[in-house]
Amino acid sequence: MSGIPGVTLRGMEAFPVEVEAEITGGLFSVSIVGMPDVAVRESKERVRLALRSLGLNMKGRVSINLAPADIPKEGALLDLPIALGIMRASGALKSCPRALYMGELAFDGKLRRVRGAVPAAFLAKKMNIPLYIPSGNAEEVALVQGVEAYCADNLAELVMMLTGSEEPRQLPPAYIPDIPAKVEPDFSDIKGQSQAKRAAEIAAAGHHNLLLVGSPGSGKTLIARAIAGILPPLTDDEMVETLLVRSTLGLEMKPGRERPFRIVHFTASTVSVCGGGHNLRPGELSLAHRGVLFLDEYTEFPRDLTESLRAPIEDGEIIVSRASGSVKYPSRVLLVLAANPCACGYAGDPVTPCKCSQVEIDRYRRKLSGPIMDRIDLQITVPRLTPEELLSIDEKGKTPEKSAAIRKRVIAARNIQIERWREYGFVCNAEIPESVVRRCLTLNDSNREYLASMAGKMNLSGRGLTRVLKVSRTIADLAGDEEIQRKHIAEALMFRQIYGKR
């Protein structure tokens, strides 16, 4: 007896499940075997009432087998193949085309949107069979190129499609245009802070990690939030990558090609940020993939969480291992950190005197882990402006540069990087590994000697030196220069080691 193909999820990957159904005589009962979770076991009532809405009353002993039996099955996305399997076993459905079926059933037979439709689309494409989904998942699945997919509003409509009584609703390929979203605040709303704005522009252009240190009220959070308005649009491949993460969690698809921007509070747990849990779900780190992960008040985060970010932000992926198995999630993020300079927050402030001793300041700054700091490409102090400076800025009458103008430069620089690294499979300077840096980012003798001299004075590690080269390349791309010049290196070095050599 051949089963009805369904889908289950393991992390961000979809696995095929054969749903076998058999009905025998006896008192009415429904049993489901094959390592189902609670949601799968509860599908018996949803399926029974959905079939009843079609005029089909379940009778006898109904046995459902979910094969392979040694893989855990989770979620309500197996409702549809279970219902089709019972209909075929009872003779109500003579034949069922070989395809992947997924969907949650309501009591009235309506097909509800489910999570994991995009991974299921890739599985159907790999297996070279059609995919049948609820209409609520149509928009995201249509973005997966090369998959044959059909949608239905309810079980009755789907049955008519399968029996030939109604023309199947095939999903046409979809394309999402770049529609810049209105982001608040705009860079023109931020007074002064030209160096911090410049660092934000470089970070957005090359996808470089950024640290903002300053007193309360200096504008750190405003600058971090404004970065969302200057990021380049997602490419087609990046769109699919972000869709995979959101679909796995059952989140709605965002309109346009806006990059993710996730803000994490310091009370967040390590699991919520890195992923994991009982059902192995992606965390904030993966939800921010190809976008920004903003950690405000970074020094307040627990040490185990901050240290767990070291490998993911370096490798661009995170492997979560539990007793039930291991899964891999993407984590190619632009990490933006904001922190105070000391415990009271006013070290170096021009208005409010600092109340911390030097010992307390040193202890506080040690919370900025050395290995994490080594992975931060751009480190900038954001000084708090005095009221007089704020007023003088307002009175100059000079129109501040808007985010839209900065975004054009960022997009131009990112397009240069995409073309440069296309043969290597990278899209921005921050992604390139050290082997490619050494081979492709070459300097003339004079600039090499200058960088070596400054690296020795600043006590840069090998990783720090590599990151300086990457940032220098991004600065050159923003300027439209073919070669890395000394001024580009000098500016990149200016954003390293915010607290100086210790």
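Between the side chain of Glu104 and the backbone N or O of Ala76, no donor-acceptor pair lies under 3.5 Å. The backbone N or O of Val40 sits less than 3.5 Å from a side-chain atom of Ser43, completing a donor-acceptor pair. Looking at Arg375, its side chain never comes within 3.5 Å of a backbone N or O of Glu314 through a donor-acceptor pair.
Take Ala199 and apply the side chain to side chain contact (heavy atoms under 4.5 Å, CB included) test, not counting sequence neighbours, and it matches Leu210, Ile380, Phe495. Looking at residues two or more places apart in sequence or on another chain, you find a side chain to side chain contact (heavy atoms under 4.5 Å, CB included) between Met35 and Pro72. Glu184 is linked by a side chain to side chain contact (heavy atoms under 4.5 Å, CB included) to Lys182, Asp189, counting only residues two or more places apart in sequence or in another chain. Residues satisfying the side-chain hydrogen bond (donor to acceptor under 3.5 Å, both in side chains) criterion with Arg409, sequence neighbours excluded, are Glu201, Glu401.
Counting heavy-atom neighbours within 6.0 Å of Arg463 CZ, excluding the residue itself, gives a total above 12. The environment of CD in Glu139 is sparse: at most 12 heavy-atom neighbours from other residues, nucleotides or ligands sit within 6.0 Å. In Glu297, the CD atom is crowded: over 12 heavy atoms of neighbouring residues, nucleotides or ligands sit closer than 6.0 Å.
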Check step by step if salt bridge (Lys or Arg N to Asp or Glu O under 4.0 Å) holds for Glu238 and Arg257. CA-CA 9 Å; Glu238 291 172 337; Arg257 293 176 175 263; over 6 Å; no
In sequence, state the C-alpha distance, the side-chain angles, and the governing distance for Phe261 and Ile263, and then conclude on side chain to side chain contact (heavy atoms under 4.5 Å, CB included). CA-CA 7 Å; Phe261 188 92; Ile263 301 176; 3.5 Å; yes
Does the pair Arg473 and Glu431 meet the rule for a salt bridge (Lys or Arg N to Asp or Glu O under 4.0 Å), with working shown? CA-CA 12 Å; Arg473 181 64 266 176; Glu431 287 186 20; over 6 Å; no
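Nearest heavy-atom pair across Arg467 and Asp377 is NH1-OD1, 2.6 Å. Nearest approach of Ala492 to Val471, heavy atoms of both residues: CB-CG1, 3.7 Å. Pairing each heavy atom of Thr299 with each of Ala339, the nearest pair is CG2-CB, 4.1 Å. The two residues Arg246 and Arg262 make their nearest non-hydrogen contact at NH1-NH1, 4.5 Å. A pairwise comparison of heavy atoms in Met373 and Arg496 identifies O-NH2, 4.1 Å as the closest pair. Among all heavy-atom pairs drawn from Pro282 and Val245, the shortest one is CB-CG1, 4.1 Å.
Relative to the six-membered ring of Phe15, Arg10 misses at least one condition, a distance below 6.0 Å or an angle of at most 45° to the axis.
Salt-bridge check for Asp79 with Arg112: failed, with every basic side-chain N at 4.0 Å or more from each acidic carboxylate O. Residues Glu307 and Arg303 are paired through a salt bridge, judged by an N-O separation under 4.0 Å between the basic side chain and the carboxylate. Taking the charged nitrogens against the carboxylate oxygens, Arg365 and Asp362 have no contact shorter than 4.0 Å, which rules out a salt bridge. Between Glu419 and Arg422 there is a salt bridge, since at least one side-chain N of the basic residue sits less than 4.0 Å from a carboxylate O of the acidic one. With respect to Lys487 and Glu491, no salt bridge is recorded, no charged nitrogen being found less than 4.0 Å from a carboxylate O.
Side chains of Leu469 and Leu443 form a contact here, defined as non-hydrogen atoms less than 4.5 Å apart. Using a 4.5 Å heavy-atom threshold, the side chains of Leu285 and Tyr329 count as separate. Residues Pro173 and Gln145 are in side-chain contact: their nearest non-hydrogen atoms beyond the backbone lie under 4.5 Å apart. By the 4.5 Å heavy-atom criterion applied to side chains, Leu231 and Val410 are not counted as neighbours.
Inspection of the Ser188 and Asp186 side chains reveals an N or O donor paired with an N or O acceptor under 3.5 Å.
Note that CG of Leu249 and CG of Leu9 are 10.0 Å apart. Values are rounded to the nearest 0.5 Å. Ile227 contributes atom CD1, which lies 6.0 Å from atom CZ of Phe187 (distance to the nearest 0.5 angstrom). Atom-to-atom distance recorded for Ser326:OG and Ile319:CD1 is 7.5 Å, nearest 0.5 angstrom. Within the model, atoms CZ of Arg225 and CG of Asp296 stand 8.0 Å from one another, a figure rounded to the nearest 0.5 Å. If you take CD1 on Ile411 and CD1 on Ile416, they are separated by 12.5 Å, rounding to the nearest 0.5 Å.
A tilted orientation is assigned to the rings of Phe301 and Tyr298, their planes being inclined by 30° to 60°.
For the salt bridge (Lys or Arg N to Asp or Glu O under 4.0 Å) condition, no pair includes a residue of residues 266-281, sequence neighbours left out. Pairs passing the salt bridge (Lys or Arg N to Asp or Glu O under 4.0 Å) check and including a residue from residues 344-359, sequence neighbours excluded, read Asp349-Arg384.
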